[in-house]
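Inspection log for the structure reproduced underneath, given as structure tokens.
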Amino acid sequence: MLVTGGTGALGALVARHLVTAHGARQLLLVSRSGPDAAGAPGLRDELAACGAEVTLAACDVADRTALARLLAGIPPHTR
């Protein structure tokens, strides 16, 4: 699952819901700050404790080239 704005308040809420209510096990949380965002490592650890594999990535999704580069780096089995 790809969650844009994934380290912000609303993105974190969506990520938690995907994991706890829908059983999502692989999440890509994308924000401009990525792993450097306030609370991002804690969110990753929280979701991992629920059984999810979480990747934090920094990317401005409005930048089509940057987003394409990010998505190209995702292994095919997780798409």
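Heavy-atom basis, side chains included; hydrogens, waters and symmetry copies ignored. The model shown is predicted, which means the values in this text are computed figures rather than measured ones.
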TODO: Walk me through it: do V54 and Q26 pass the test side chain to side chain contact (heavy atoms under 4.5 Å, CB included)?
DONE: CA-CA 6 Å; V54 180; Q26 293 182 326; over 6 Å; no
Open item on the list: Do I74 and L67 land in one hydrophobic cluster if side-chain heavy atoms of ILVMFWY residues count as linked below 4.5 Å?
Closed with: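 Yes, because I74 and L67 connect within a single hydrophobic cluster, where side-chain heavy atoms sit under 4.5 Å apart.
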Would you give the length of the straight line joining atom [atom1] of [X] to atom [atom2] of [Y], rounded to the nearest 0.5 angstrom?
X: E53; Y: L47; atom1: CD; atom2: CG; result: 12.0 Å
X: T65; Y: D60; atom1: OG1; atom2: CG; result: 11.0 Å
X: L2; Y: C59; atom1: CG; atom2: SG; result: 9.0 Å

Task: Listed partners of R16 passing side chain to side chain donor-acceptor pair (under 3.5 Å), at least two apart - done: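 Scan of R16 (side chain to side chain donor-acceptor pair (under 3.5 Å), adjacent residues dropped) gives E46.
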Heavy-atom closest contact ([X] atom, [Y] atom, distance):
X: G34; Y: L56; value: C-CB, 4.4 Å
X: A24; Y: M1; value: CB-CG, 4.0 Å
X: A58; Y: P35; value: N-CD, 4.1 Å

Task: Heavy-atom side-chain contact between L27 and T55 under 4.5 Å - done: no
Open item on the list: Could you work out, with side chain to side chain contact (heavy atoms under 4.5 Å, CB included) as the rule, every residue matching A57, not counting sequence neighbours?
Closed with: L28, V30, L70
Open item on the list: Please determine whether the number of non-hydrogen atoms from other residues, nucleotides or ligands lying under 6.0 Å from atom CZ of R32 exceeds 12.
Closed with: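 Count not over threshold, so no.
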